[in-house]
Number of protein chains: 2
Amino acid sequence: MQAAIDELGFVRNEAARALRKGVAHTLGVVVEDISNPYFTDMARGAEAALNTAGYDALWCTSDGSPEKERRCLDFLEEQGVSGIIITPVALDASRIARLRTRGMQVVLIDRRVPGAGSSSVSVDHVMGGSLAVRHLVAIGRTDIAFVTAEPEPPPLRQRRGGALRALARAGYPPALTISMTESSAAAGQSAARRLLEFGTLPNGIFCANDLMAIGLVNELTRNGVKIPQDCAVIGYDDIDLAATAVVPLTTIHQPRRELGRKATELVLADADNQHIVLAPELVVRDSSE
Amino acid sequence: MQAAIDELGFVRNEAARALRKGVAHTLGVVVEDISNPYFTDMARGAEAALNTAGYDALWCTSDGSPEKERRCLDFLEEQGVSGIIITPVALDASRIARLRTRGMQVVLIDRRVPGAGSSSVSVDHVMGGSLAVRHLVAIGRTDIAFVTAEPEPPPLRQRRGGALRALARAGYPPALTISMTESSAAAGQSAARRLLEFGTLPNGIFCANDLMAIGLVNELTRNGVKIPQDCAVIGYDDIDLAATAVVPLTTIHQPRRELGRKATELVLADADNQHIVLAPELVVRDSSE
DNA sequence: ATGAAAGCGCTAACAA
DNA sequence: TTGTTAGCGCTTTCAT
């Protein structure tokens, strides 16, 4: 049968199928930043899972912009996808409600929107932040700085919250916070410059993600700062580049593909109000010992 | 009108529209490796251009696998996209012919498939390779190594070809070639280790892409090799990370977004047998002087 | 069991 | 101008 189909060059018309069924055989995956491996790995996990289930993925990029996010959702709605996996930027309960009315299950990554009935999968960022700071404290660092981005997305805020709490528990003063306007390697580089201008460097730095940590470590190294002797650095995400950095980076590992896989399961199970929280893990490399 | 539509929450059914028109209002973009900024930047350039023209993008990832590429194309064919932009892995003339028969214009990135009638947009990699080596020679490097991946995709082969030719013209012996099994930062790291095992290091290294160059520079630095004093390194692509690397990386800049933009223009113009070649540019940073 | 027919929502062609 | 209708290719239902 399949052979005959291939022979004749028959190709099913998905538009007709979707029209007849009232819903497309696809799931939308809306990613916040395609150049951050954290998001693409999550999306790949989701895609693998949904391919296995016989679905196809429609990838969209919001680039962190509410406007672009809206256009992604408009597109997915017009396409009649059967569900949406999204790292939301400005998605609110009313839009989610509307999507759900149209029969599209929405699963949020790393965020919850109260009152929308939609499910979510996230990593416990408070725990991750705490893990990071407890590690810095355990190796004897007392003067700790936190590098984040402003406006601060909830996951970063949670990481900082966990960090501050762990610091308070250890009896240390609250960490110095450096806020950048984005969370790229270039931002990490600028953060390092700002830190160097202060004159005295903290002896421990927790960066809200690996990309910033890499940019920061590179800039510090370039200025003769010895990592980890002069200053221990810990990142967050455990992207591939972390392991091959100049100073292999201690970081908080996130089960990114698992995140995408779980999200797919929830969408396909049409689950309401389910919230899965995964645990992050400390990965110790050279940048902290 | 639009206001009323929004008010009533009307959403156009794209499946019905596509069925009626016989073709969807979308273009497929097939990317080889979503974790390489080179490809994602190209795809973003394409997406921006096609959005401007009123189209939506269907992103697919082949992950460099012929099998996955085939599935991407099957998907796009079923979706009835009006055109496809692709960095081909194993796409042959017969498949292209079939797609074209179905009314889908195919534009290839960085590769040509003879006899298929499809257009292409590429960067002149032979020129890029030559540019890289001429720069190394100009700063006095005589013992040059080339780091590539095996199996070697045409763009990398062309870069190496240009490099070898430039070397021959300068009257130097052919470069030592190190082949890795992939072209990631981890592969660059392994290449560095292999080079260090040889005992004598070349004084100039040309890596087939920035990711490998970054992994290589990191590993060499970690082993006490001074870049560029002991060994100058040049990459290829000019990804964002190149500028913020420990040793800011000299590289060959590729107009990635422009590549995507031009490809979109060709698809939408339904151009046959047009071949646009863009010129790369040398960007000198610290890793070479 | 196999076959015929209706209808999903849209657009293009045609009628008034 | 405005309104009506046929039909895209599929799935599902209903009849044989």
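Letters A, B, ... are given to chains in the order of the sequence lines, protein chains preceding strands, and every chain is numbered from 1. What's counted below: heavy atoms across the whole structure, side chains too, no hydrogens, waters or symmetry copies. Computed from a predicted model, the values in this text were never measured in an experiment.
- Atom CG of A:Asp240 has 12 or fewer neighbouring heavy atoms from other residues, nucleotides or ligands inside a 6.0 Å radius.
- In this structure, the side chain to side chain contact (heavy atoms under 4.5 Å, CB included) partners of B:Glu67, at least two apart in sequence or on a different chain, are B:Ser65, B:Arg70, B:Arg71.
- The side-chain hydrogen bond (donor to acceptor under 3.5 Å, both in side chains) search around A:Ser120 returns A:His275, not counting sequence neighbours.
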With side-chain contact (heavy atoms from CB on, under 4.5 Å) as the test, would you mind laying out the steps for A:Gln105 and A:Leu266 before giving the verdict? CA-CA 9 Å; A:Gln105 190 54 270; A:Leu266 288 180; over 6 Å; no

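- With the 3.5 Å cutoff on both pairing distances, Watson-Crick and G-U pairs in DNA chain C assemble into runs of at least 3 at C:3-14 with D:3-14.
- Not a single donor-acceptor pair under 3.5 Å links the side chain of B:Thr26 to the backbone N or O of B:Ala57.
- Considering every non-hydrogen atom in both A:Ala187 and A:Glu182, the closest pair reads CB-O, 3.3 Å.
- Residue pairs satisfying the ring-ring contact (aromatic ring centres under 6.0 Å, His included) criterion with at least one member in residues 49-70 of chain A, sequence neighbours excluded, are listed as follows: A:His25-A:Tyr55.
- Heavy-atom contacts of chain A under 4.0 Å fall on DNA chain C between two terminal nucleotides, which in 5' to 3' order are C:dA6 to C:dG9.
- The shortest non-hydrogen separation linking B:Gln254 to B:His125 is OE1-CE1, 3.3 Å.
- The shortest non-hydrogen separation linking A:Ala149 to A:Leu156 is N-CD1, 4.0 Å.
- One can place CG of A:Asn13 at 18 Å from P of D:dG7, the figure rounded to the nearest angstrom.
- At whole-Å resolution of the value, CZ in B:Arg102 and C1' in D:dG9 are 13 Å apart.
- Look at B:Arg44 and B:Glu47 and you find no salt bridge, because none of the NZ, NE, NH1 or NH2 atoms lies under 4.0 Å from a carboxylate O.
- Less than 4.0 Å separates DNA chain D from at least one heavy atom of each of the following residues of residues 18-25 of chain B: B:Leu19, B:Arg20.
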